[in-house]
Number of protein chains: 2
Amino acid sequence: MPMNRQWVLDHHPDGPATPATWRLEDAPMPEPGPGQILVRTRWLSLDPYMRGRIAPGANYAAGVAPGEVMQGGGVAEVVASNHPGWAVGEMVETMAMGWREHAVLDPDRPGTARANRIPPGIPPQASLGWAGMPGLTAFVGLTEIGRPLPGETVVISAASGAVGQVAIQIARLMGARVVAIAGSDDKLAHCRDLGAAEVINHRTADIGAALDAACPGGVDVFFDNTGGPIHDAVMARLATHARVIICGRIAVVDQPADRDIGLRASSRMIVTRARVQGLVVFDWWHLRDAALSRLAQWHRDGHITFREDVLEGFERVPEAFCRMMAGANFGKQLVRL
Amino acid sequence: MPMNRQWVLDHHPDGPATPATWRLEDAPMPEPGPGQILVRTRWLSLDPYMRGRIAPGANYAAGVAPGEVMQGGGVAEVVASNHPGWAVGEMVETMAMGWREHAVLDPDRPGTARANRIPPGIPPQASLGWAGMPGLTAFVGLTEIGRPLPGETVVISAASGAVGQVAIQIARLMGARVVAIAGSDDKLAHCRDLGAAEVINHRTADIGAALDAACPGGVDVFFDNTGGPIHDAVMARLATHARVIICGRIAVVDQPADRDIGLRASSRMIVTRARVQGLVVFDWWHLRDAALSRLAQWHRDGHITFREDVLEGFERVPEAFCRMMAGANFGKQLVRL
């Protein structure tokens, strides 16, 4: 009887996740019912939002309970189809993939669980990066919330990550001047290649002094992918009418949940008239198709390039997650099966 | 030779202002030049933003240096006119009044320094309250930033103050459910009369528990007129997609300036997808005439009432400012000359 390997959550981590946060289990191979497809996983996407899914507390989405299959997006190949719209051999991208070697999908499920066709002309795994959820995140963060004007200064943290790389390039297309923050000189060299005018290594620089030097007129748009000390340093340097996209929290997500989201100094918020907004990309899913079409056009025009960091083998999925959380990856973290 | 009394700033206060923060001086009576008018002050407006004008640090507007006449809005009567559009005996409202018994004004100065006619049918000092800058502040805070939907919960701090009173009534007109926070039971009874569904005395209640009870579904819109502990308590209870208007900072404005406006927990900002925006009403001055026309219509229809707290005599202007800052006023703080 063929079996299906899957990673299930062993326990909610207290602090950073480790490979022992999950355990590998065998399950029976699933059977597709009417209207369903059976797929074989080819790529899994590791993203910071997944840390929230294994926290015990409330979040914006239902989490994973111990014993359940870990959630996550991926790319898969159709190996059996009971759906008239899907043929064996087609490639599918879905947020409902999960950490499992095979899955039964309902391709027509609405919203984020939908099964999406891979657009022609791009590698399949791109639909987990610039041509998928991270790309949409960067797109809506800048075009709907940050809205930089030509010549404005945009600071992007975790700038060599999946969202950050796309954000640099969109901000440049919008005519903005980009200051990229990342954790190694290699990453920063890549950010310069993508168009960043100034770069800051948050592990070695005095971040406040570096921001003062890089942003003499203050920060007009802050694309915050980390929270924590970088957040604090940039928030202290907002320009008048600044816009802040609170998108990621990788620097603080392993800490105990804090209910308080108060501002340390509301006075400065008034002086700057800043606007600070939390971004969850799933709120903007209605813009997905239009945004991804736009990104694809920019890619065809040579305006979007993207670096991936690929580990090989289903056994390494937890390891890949942990290195992504630690910032040891360089580029979008993927696992190829 | 006729003299003109004026209050000048004696020194930048270190902590709360006291009456000794200013000193009364005699100055020569000013002479209106071509196109100018000479006015006699009838009402002076005391507002929390004025605390920022006597701080030494940078603010959104130029401050008052020691030895200069204190800034502030007021209502005055034209006593001499070299301007064809203004006749002796007319009443004028302007943000450029200053703490002086007479002033020479350029009625056509653009922006906030403009001299405005008092609309017919209202008492002149209303143009310093619901029919003026504080009313416009409440209007743009709710209609441009907070945008409560019918049935949503709007929490308003300093709710019996000049901005708060109008905000309660506009939020009610928009169909929202209002939770008012103020510092005495008398003030809260007034807030109930204005339409607040729930009231919280921040000096006697456990504010967190009171907010939990008053806002079981969380806070959809927070009109923050104080900063400080009330800010923190409300921010911890934002509903999904909450909107926060950072309008006032009376609870913290006497403290040393803090450059940091970082969020204590950006995670919650993402979970709630809240939007937090600093409001300086002078940014929205282009909406003034339309907003005040709307407010006047609501007033004629009986939807806007407004309580004033009036001290008598030019000698008492600093005292009036200090009692307003301490929350000892009940309603919009004014001085009648």
Side-chain angles (χ1 to χ4, degrees), chain A residues 49 51-52 55 57-61 145 208 224-238 240-253 255-284, chain B residues 49 51-52 55 57-61 145 208 224-238 240-253 255-284:
Chain A
Y49 80 88
R51 178 61 182 82
N59 202 317
Y60 57 82
I145 300 177
D224 180 2
N225 290 313
T226 70
I230 297 171
H231 167 90
D232 293 342
V234 181
M235 293 291 281
R237 291 164 176 84
L238 297 185
T240 303
H241 295 123
R243 289 83 70 199
V244 178
I245 307 125
I246 305 287
C247 177
R249 45 182 166 164
I250 197 164
V252 297
V253 71
Q255 298 169 8
D258 187 342
R259 186 171 176 187
D260 184 11
I261 55 175
L263 294 158
R264 289 190 178 80
S266 58
S267 299
R268 286 285 307 167
M269 194 79 186
I270 297 175
V271 172
T272 60
R273 294 90 104 181
R275 178 162 51 77
V276 182
Q277 186 167 343
L279 166 61
V280 169
V281 68
F282 307 113
D283 289 343
W284 302 87
Chain B
Y49 79 87
R51 178 61 181 81
N59 201 318
Y60 58 82
I145 301 177
D224 181 1
N225 290 312
T226 69
I230 297 171
H231 167 89
D232 292 343
V234 180
M235 293 290 282
R237 290 162 176 85
L238 297 185
T240 304
H241 295 123
R243 287 82 71 200
V244 178
I245 307 124
I246 305 286
C247 177
R249 45 179 165 166
I250 196 165
V252 297
V253 71
Q255 299 169 8
D258 187 343
R259 186 172 175 185
D260 185 11
I261 56 175
L263 294 157
R264 289 190 179 78
S266 58
S267 299
R268 286 284 305 166
M269 193 79 187
I270 297 176
V271 172
T272 60
R273 292 90 104 183
R275 178 162 51 78
V276 182
Q277 187 168 343
L279 167 60
V280 169
V281 68
F282 307 113
D283 288 342
W284 303 86

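This structure is a prediction, so every number in the text was calculated from the model and none was measured.
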Between Arg275(A) and Gln277(B), what is the shortest heavy-atom contact and its length? CD-OE1, 3.2 Å
Minimum heavy-atom separation for Arg273(A) to Val280(B), with atom names? CD-CG2, 3.4 Å
Across all chains, not counting sequence neighbours, the side chain to side chain donor-acceptor pair (under 3.5 Å) partners of Asp224(A) are His231(A)
Evaluate the side-chain proximity of Arg249(A) to Val271(B): yes if any heavy-atom separation is below 4.5 Å, no if none is. yes
For the residue pair Asp283(B) and His241(A), establish whether any side-chain heavy-atom pair is separated by less than 4.5 Å. yes
Please identify, among Asp232(A), Leu263(A), Leu279(A), Val244(A), the residue contributing the most non-hydrogen atom pairs under 4.5 Å to chain B. Leu263(A)
Let me know if Ile145(A) has heavy atoms under 4.5 Å from chain B in its side chain, its backbone, both or neither. neither
